[in-house]
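First comes the structure, then the notes that go with it.
Atoms within a ligand are numbered from 1 in the order they appear, just like the ligands themselves.
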Amino acid sequence: MKTNKKSVPQIRAYKANEINPPIAMVTAYDAPGAHMASAAGVDIILVGDSLAMVVLGYDDTLSVTIPDMAYHTRAVSRSKPDSLIVTDMPWMSYHTGVHDAVNNAAQLIRSGAEAIKLEGGANRVDVIKALVDAEIPVMGHLGLTPQSVHAFGGFSVQAKTREAAKKLLDDALAIEEAGVFSIVLEAVPDVVAAKATELLKIPTVGIGAGPHCDGQVLVFHDLLGLTFGHKPKFVRHYGSLGELGIKGLEGYVHDVKMRSFPSPDEGYQVSQGEFDGFTFDRK
Ligand code: KIV
């Protein structure tokens, strides 16, 4: 086992404070992305079902399946990151019963995931307990749970009323009790995320949930400027890989059109005289 490799017990025991800096988590869906995340010191790589939107071009996360998530988990896992690998259980892979959930999660673990993440609160307690009982570590996800896009009527901030905040906190305590080792809080008011973080013994990881969580998570393509549509207000750009990529590709197109690529040095030559007198005609 590599010494810098992050583990579930390490994360479970972690709470950010004056001494402990917050956990840094990012999504990745392939070997180069995972390599970059690990080299940058990311603690947790999430093979997120955001794959559907930022890589596969869907409008929501509902179209990805266990085979899709397993395929991308294998790619991430092959780069052997120091970061803990957590993979999202896609929509309908844990909604049809505990038996389906355990079998589907097992496929992700066999593909290289070291834990799985699923969305929901008290309604998922039975599934979480069964997974934990099968030795599969589970990360929870509350607030704006993108698999509920139709139930919510869109991607909107959650827990904005006292009643909804109370429900979120009840859900957080219920899934902690069921055995999750940490909880993602997405698009909830800062004050609600702060309260959850204070109440829970396990770490919270926020996305659009303010600065008081035990960690932060962003989508790789959002933070590196590789998404081209609407930018949610909680995304900060740390690079413009999309623009850089277009500039690079423009240079390539230009050089091909101008016949300046490839140069003789970028091809393979034979020794002088090798093809003297060589002819080959179409029959
Ligand atoms: O799929 C994903 O990228 C996620 C993050 C937004 C937490 O679930």
Side-chain angles (χ1 to χ4, degrees), residues 11 22-30 33-34 36-37 42-66 68-73 75-76 83-95 104-105 108 113 115-121 124 137-149 152 154-159 168 171-172 175 180-188 193 196-197 202-210 213-224 226-227 229-237:
I11 301 294
I23 295 163
M25 169 165 154
V26 76
T27 65
Y29 317 95
D30 56 20
M36 283 191 258
V42 162
D43 299 300
I44 305 175
I45 288 175
L46 173 66
V47 187
D49 60 355
S50 51
L51 165 75
M53 299 169 83
V54 299
V55 175
L56 303 179
Y58 292 109
D59 289 336
D60 54 47
T61 60
L62 306 180
S63 296
V64 285
T65 60
I66 284 286
D68 294 330
M69 299 307 296
Y71 179 87
H72 286 271
T73 299
V76 164
S83 332
L84 179 73
I85 304 174
V86 180
T87 296
D88 261 334
M89 295 280 285
W91 181 60
M92 274 299 141
S93 68
Y94 56 98
H95 305 69
N104 286 326
L108 301 179
I116 61 88
K117 173 165 83 59
L118 56 76
E119 300 180 2
R124 302 288 169 231
V138 182
M139 178 180 269
H141 186 156
L142 296 172
L144 169 50
T145 45
Q147 293 171 10
S148 314
V149 58
F152 288 159
F155 296 109
S156 48
V157 180
Q158 299 296 307
L168 183 139
D171 279 339
I175 63 175
V180 299
F181 69 92
S182 67
I183 302 179
V184 166
L185 297 174
E186 178 165 356
V188 298
T197 304
I202 52 171
T204 57
V205 183
I207 172 164
C213 294
D214 297 299
Q216 297 293 327
V217 53
L218 281 177
V219 168
F220 184 95
H221 290 59
D222 285 343
L223 85 89
L224 290 178
L226 272 168
T227 35
H230 164 73
K231 170 174 153 322
K233 93 181 248 203
F234 55 76
V235 169
R236 189 182 290 178
H237 274 164

| remark: Rounding to 0.5 Å, atoms CG (L56) and OG1 (T61) come to a distance of 11.5 Å

| Could you state the interatomic distance from CG (L142) to CD1 (I183), rounded to the nearest 0.5 Å? | 5.5 Å

| If you count the non-hydrogen atoms of other residues, nucleotides and ligands that lie under 6.0 Å from OH in Y71, is the total more than 12? | no

| request: For the residue pair S50 and Y29, confirm or rule out a side-chain donor-acceptor distance under 3.5 Å. | output: yes

| query | Between CD1 of I45 and CE of M36, what distance do you get to the nearest 0.5 Å? | reply | 10.5 Å

| request: Evaluate whether atom CZ of F152 has more than 12 neighbouring non-hydrogen atoms of other residues, nucleotides or ligands under 6.0 angstrom away. | output: yes

| task | With a 4.0 angstrom cut-off on heavy atoms, strictly below it, pick out the residues next to ligand 1 and order them by chain and number. | result | T27, L46, G48, D49, S50, D88, K117, H141, V184, E186, I207, V219

